[in-house]
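Since the structure is predicted, the reported quantities are computational estimates derived from the model, not experimental observations.
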Amino acid sequence: MSSRRRLIARISGARMEQRNETTVVEFVLEGFHVAQHLGKVLFAVHLLVYLASVVGNTLIIAITWTDPHLQTPMYFFLRSFSFSEGCFISTVIPKLLSIFLFRDRVIHFASCITQAFFFLFLGSTIFFHMAVMSLDRYLAICKPLHYPAIMNPRVCFLLIFFSYVLSFLLMTAVILKLSCLSFCGSNVIPHFFCDLGSLLHLSCSDTKSLERMAFGVALVVLCTSIITSVFAYINILFSVMHLPSARERQKAFSTCSSHLIVLSLMYGSCVFIYVKPRQTSRLESNRAAALVNTVVTPLLNPVIYTLRNKQVHQALRNALSRVNLQK
């Protein structure tokens, strides 16, 4: 009889706990505290940055697509990279602009999970693109005689294709596991977008296995890209140092300098954010680093690649000349 009473008490307690537990159906993005006083100013600044980034990346795609002198593997990879960058910044900035202008901090659960997926998917795709671009520069400088045969159009397409496919598979596994977590406590995300670490911090489920999985995926993506880039540029450095003339060395370095600047910006911020066993730690510092990664870097990439590239300069001049002639 006593065991029956204990069973009834346990069932009623579980029912009471279920009634007290409210499932989260939407989240509130905390954003930035200064947005309460400088919302319109921040909206204007981020809107200009967003438009400049989208226009810059679109311009790179258009120029490298239409100019016959830029139909090389290097610019094919740069075109795909610019497309990914434009999509990447579009996963975060529109909602951030809405927060600044309308103070619309609410985001539905499904929209939040979708934003997290595309942010991680496109971010990892960009890193694989960086690895491919490093490999391309290595073959062009260190293996110039074999370069046209190795980097043929089919190989270029497959490298980009597998960058997207591998990123999709890795991030789908992470997001599917994330979507199965329970969110029943606070719904305030201490970030300006649906960051993985912030969502894990809010979950009332056991997140240890997902944290280990996310840490492993981050290591695979970042280490694959970093190791490939380091290998490529160490070999490039040795090859360039053995070139006979200073002019040839300067020309070889100039083709790689833009890529190295972009690599430094991206790797620095992303290693700081994601390569740590616990994704829930250092949320405040992550927000500042994520701002560099999601806003500053996509803006600087078109500037870096166009200002330091004479072929792109010439292609732009040719395009403007054609427009003037048509007028």
Quick one: which residue pairs count as a disulfide (SG to SG under 2.5 Å) with a foot in residues 125-182, not counting sequence neighbours?
none
Looking at S205 and L181, would you say the former's side chain and the latter's main chain have a donor-acceptor pair under 3.5 Å?
no
Report the distance from atom CD1 of I226 to atom OG of S229, rounding to the nearest 0.5 Å.
8.0 Å
Okay, side chain of R105, backbone of I99: is any donor-acceptor separation there less than 3.5 Å?
no
Identify whether M213 and L176 are in the same connected component of the hydrophobic contact network (ILVMFWY, side-chain heavy atoms under 4.5 Å).
no
So, do D104 and K95 sit near enough that their side-chain heavy atoms are less than 4.5 Å apart?
yes
What about L96 and L48, same hydrophobic cluster or not, with Ile/Leu/Val/Met/Phe/Trp/Tyr joined at side-chain heavy-atom distances under 4.5 Å?
no
Side chain S203, main chain F183, donor-acceptor under 3.5 Å
no
Please answer: with hydrophobic residues joined when any side-chain heavy atoms are less than 4.5 Å apart, are L169 and L120 in the same cluster?
yes
For Y164, I'd like to know if atom OH has over 12 heavy atoms of other residues, nucleotides or ligands within 6.0 Å.
yes
Min side-chain heavy-atom separation K177-S209 under 4.5 Å:
yes
Check: H146 and L139 side chains under 4.5 Å, non-hydrogen atoms:
no
Out of curiosity, E85 CD to I126 CD1, how far, rounded to the nearest 0.5 Å?
4.0 Å
Does V221 offer a backbone N or O that forms a donor-acceptor pair with the side chain of T224 under 3.5 Å?
no
Nearest non-hydrogen partners of T66 and A62, listed with the distance
OG1-O, 2.8 Å
Heavy-atom nearest pair, G86 first then S90, reads O-OG, 2.8 Å
To the nearest 0.5 Å, atom NE2 of H191 lies from atom CG of L196 at 10.5 Å
Please report the C-alpha distance between S198 and L202 in whole Å, then the side-chain angles of each, then the deciding distance to 0.1 Å, and finally whether the side chain to side chain contact (heavy atoms under 4.5 Å, CB included) criterion is met.
CA-CA 6 Å; S198 301; L202 293 180; 5.8 Å; no
Any chance the side chains of T228 and Y138 put a donor and an acceptor closer than 3.5 Å?
no
Worked verdict on F76 versus D136 for side chain to side chain contact (heavy atoms under 4.5 Å, CB included)
CA-CA 11 Å; F76 172 78; D136 174 71; over 6 Å; no
Euclidean distance, L78 CG relative to T64 OG1, rounded to 0.5 Å:
6.0 Å
Is it true that atom OH of Y147 has more than 12 heavy atoms of other residues, nucleotides or ligands lying nearer than 6.0 Å?
yes
Kindly work out whether a path of hydrophobic side-chain contacts (I/L/V/M/F/W/Y, heavy atoms less than 4.5 Å apart) joins F109 to V28.
no
Carefully, step by step, assess I189 and D195 under the rule side chain to side chain contact (heavy atoms under 4.5 Å, CB included).
CA-CA 8 Å; I189 297 176; D195 175 61; 5.7 Å; no
Just to verify, what does T58 make a side chain to side chain contact (heavy atoms under 4.5 Å, CB included) with, not counting sequence neighbours?
V54
Hey, is the main chain of W65 close enough, under 3.5 Å, to the side chain of Q71 for a donor-acceptor pair?
yes
Between F117 and F121, how do the two ring planes meet: parallel, tilted or perpendicular, split at 30° and 60°?
parallel
Give every residue pair that meets the disulfide (SG to SG under 2.5 Å) criterion with at least one member in residues 102-134, sequence neighbours excluded.
C112-C194
To the nearest 0.5 Å, what is the distance between CD on Q115 and CG on L29?
7.0 Å
I'd like to know if the side chain of N235 and the backbone of F231 have a donor-acceptor N/O pair within less than 3.5 Å.
yes
Looking at F127, is its backbone amide N or carbonyl O close enough to the side chain of S225 to form a donor-acceptor pair, meaning the two atoms are under 3.5 Å apart?
yes
What's the verdict on side chain to side chain contact (heavy atoms under 4.5 Å, CB included) for F83 and N57, showing C-alpha distance, side-chain angles and the deciding distance?
CA-CA 7 Å; F83 172 77; N57 282 297; over 6 Å; no
Look up atom CE in M151 and atom CG in L135, then write down how far apart they are to the nearest 0.5 Å.
4.5 Å
Flag side-chain contact, heavy atom, 4.5 Å: F77 against L159:
yes
S53 side-chain N/O to Y50 backbone N/O, donor-acceptor pair under 3.5 Å
no
With a 4.5 Å heavy-atom cut-off, do I234 and F238 have their side chains touching?
yes
Decide yes or no for T125 and F128: does some side-chain heavy atom of the first lie under 4.5 Å from some side-chain heavy atom of the second?
no
L199 versus F27: any side-chain heavy-atom pair under 4.5 Å?
yes
With a 4.5 Å limit on heavy-atom distance, are the side chains of H129 and S80 in contact?
yes
Please tell me whether I89 and V55 are part of a single hydrophobic cluster in this structure, the criterion being side-chain heavy atoms less than 4.5 Å apart.
no
In terms of ring plane angle, is the pair F119 and F193 parallel, tilted or perpendicular, where the classes change at 30° and 60°?
tilted
